[in-house]
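Quick notes on the structure that follows.
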2 protein chains.
Amino acid sequence: MELGERKLLILQAIINDYIISAEPVGSRTVAKKYGMGISSATIRNEMADLEDMGYLEQPHTSAGRIPSNKAYRLYVDRLMKVKSLSVSEAKYIKEFYKKKTRQIEQLIFQTAKILSDITNYTSVVLTPQLNKVLIRRIQLVPLEPEYALLVIATNSGVLKDSIIPIPEGISPDYLNRISNMLTSVYKGKTFDEIDINTVLEMQNDIIKGRAFFNSLVDALTESITANEDKEVYLGGPTNIFNFPEYHDVLKAKAFLDLLEEKELLYKMLSKPEKNGVSIVIGEENEHEDLKECSIVTATYKIGDKVLGTMGIIGPTRMEYSRVVAVIDHMGKSLSNYLTRLFNK
Amino acid sequence: MELGERKLLILQAIINDYIISAEPVGSRTVAKKYGMGISSATIRNEMADLEDMGYLEQPHTSAGRIPSNKAYRLYVDRLMKVKSLSVSEAKYIKEFYKKKTRQIEQLIFQTAKILSDITNYTSVVLTPQLNKVLIRRIQLVPLEPEYALLVIATNSGVLKDSIIPIPEGISPDYLNRISNMLTSVYKGKTFDEIDINTVLEMQNDIIKGRAFFNSLVDALTESITANEDKEVYLGGPTNIFNFPEYHDVLKAKAFLDLLEEKELLYKMLSKPEKNGVSIVIGEENEHEDLKECSIVTATYKIGDKVLGTMGIIGPTRMEYSRVVAVIDHMGKSLSNYLTRLFNK
DNA sequence: GATTAGCACTCGTTGATTGAGAGTGCTAAC
DNA sequence: GTTAGCACTCTCAATCAACGAGTGCTAATC
């Protein structure tokens, strides 16, 4: 069967209406609200066709129809016109990026908050991926005679700091020398490229005490392999309650519990390597509890390097056109900001 | 009216039953389950008295009775026997504190998780309060020619780090000298005691560039006054769904939204300065959305210094005896751990 | 041949009614 | 002072009918 012009118009009308109302849309509603000079009976016939073609579904016989995942996919790929941001929204975002925040966590957190505030959906923003980040400096900072602080600074903020014990008789000056040496070896590399063996080879060279050496290697290894730093910031987690499809307590709990699984979120969102905005709709999600959700993601970068991802999660019936506009804008804003701040 | 022995027994029975069942308790139930050799009619009379005295409430005429806030207060103050932890629980906690975690955030986060896992309620743990924490070292770490990292190390981990721009022609060695000087001035002080004027006075002494000086003072001031560091970690936020009193979507949303208000939580929990476990029951809470909740808190310390607070939030009908046992134990465990790790 | 009016049919929603069950308070007997 | 007995109250769950939204089909119309 052909997917003619009129069918497309009707489908679009149904999707638009359903996105707003969350109620199955009937033929009369389409005829009246989106009056296109044809009667409800004609629309009924077309709707029956659209159902046969897999674009519409009927919850039960005497209800209207709701769009299928296939319909949403068609919608976002072909039908949807991306709205541009409202003036006040754009201004709100711009204002935010004016004030200098030096702490990257704060920045990411605020980004999540803005996303959820503007869209009224739940947002997720990943902190920069370690393996994309360049080491700038490794510094051992003396704290007390027995402890030193290992700081690893990168081109997107300080990513790691841990306290390591040091044996007696090691001077701040000596720590400084080690720091300089480590920095010279690893500067400009990513965490992926760090080879712990390089450190091991230094042993004979300038490292004095065994205990200290072990602590240092431990701390470094921990820094490199640590996945705790894969942090995920949420915005408006309870926004999901705004939608009637989540007025069910069990469903809401499942959703919120999912949001607590940071590793899972991280894995899911960091997948789309590709630049720009991408959309995953309903059943396309792998995770069971997300089969009724859609996720719109965008990446953010420093210079040309993709550092992380931000996403909006909401019911399949999502205001895609608005969400895409917002997240695209935010991705670019954050990238600009970071690039200005950290890129040389 | 007298609050005799038998009345207390009956009250206790009703509280115990209601804590488990969440259903109003009737006279027959008390007679049967907590058989104390008296008939349901007698118990009915006693219950009527207890209601007159304000210890019991009746949701409606033909329902059983539920304990009032006053009853819970009496219960936690006089009736309750604090259970000791189960062997497996104690072991679980002990195991956790065996493995060395050097990062304080990680530690706090895990503490929250353990609390909620063991109790099945929602837990809240505050990060150490800045004004209680002693500065150990202030260090400017050079990153690139134009940027340095300001690290403030304290006796409970690294609490602040921000990036500040530095003007040209300032050598790492010079940064080191400033660091040493700042450290010598502020070491052993708390953030409260820092007087920014002291820094201003140095101006004529060793500070060279105006721009740099301003950045430094800005960053320091930000560190001192920043309240972003008042972080709050949650454990098991959705545990609230376990309780029938929160099967209502609106109530649940209100509760979860409250948990997102970190500053508010911080203020509420950091109030009880006193050592040990304290309990706030239902109406005693100031916040409207907590009038049906109880909060059990304990403090944690380094040495003798109270650093922060942990809390369990649940419905008024809470298993106080178990919760008190758990949180008391956790408070002490965390204090021991921190003291061993950081106190000299 | 496409469109439309008309109509019978389906099915979920709403509101009223009803009976069962739980629990109480009171009275009178023990 | 305690208890058995009983009328009374109130909630909860089940049942049922009326309603309305929406459909699919048929026959008439453009």
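These values consider heavy atoms only, across backbone and side chains, with no hydrogens, waters or symmetry-generated copies. Letters A, B, ... mirror the listed sequences (proteins, then strands); counts begin at 1.
- Looking only at side-chain heavy atoms (C-beta outward), B/Ile38 and B/Glu46 stay at 4.5 Å or farther from each other.
- Closest-nucleotide positions on DNA chain C for B/Ala63 and B/Asn45 were compared, and the one nearer the 5' end corresponds to B/Ala63.
- Within a 6.0 Å sphere centred on NZ of A/Lys91, other residues, nucleotides and ligands contribute 12 heavy atoms or fewer.
- Between the side chains of B/Thr297 and B/Ser278, at least one donor N or O lies within less than 3.5 Å of an accepting N or O.
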Could you go through nucleotides 27-30 of chain C and list every protein N or O atom that sits under 3.5 Å from one of its N or O atoms, giving the distance for each pair?
none

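- Tested against A/Ile66 for a side-chain contact (heavy atoms from CB on, under 4.5 Å), the candidates A/Arg317, A/Glu57, A/Glu23 yield a single pass: A/Glu57.
- Regarding contacts with the backbone of D/dT2, every side-chain N or O of B/Ser39 stays at 4.0 angstrom or more from both OP1 and OP2.
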Quick one: which protein N/O atoms are closer than 3.5 Å to N/O atoms of nucleotides 6-9 of chain D? Pair and distance per line, please.
none

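- Enclosure of atom CD in B/Glu292 is not indicated, since only 12 or fewer non-hydrogen atoms of other residues, nucleotides or ligands lie within 6.0 angstrom.
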Evaluation steps, side chain to side chain contact (heavy atoms under 4.5 Å, CB included), between A/Phe255 and A/Phe241:
CA-CA 10 Å; A/Phe255 181 83; A/Phe241 286 111; over 6 Å; no
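- If you check residues 18-30 of chain A against DNA chain D, the residues with a heavy atom closer than 4.0 Å are A/Gly26, A/Ser27, listed by number.
- Dashed line: the shortest gap from a side-chain N or O of B/Arg6 to OP1 or OP2 of D/dT2 is under 4.0 Å.
- Comparing D/dT23, C/dC11, D/dT3 against the side chain of B/Ala41 picks out D/dT3 as the nearest.
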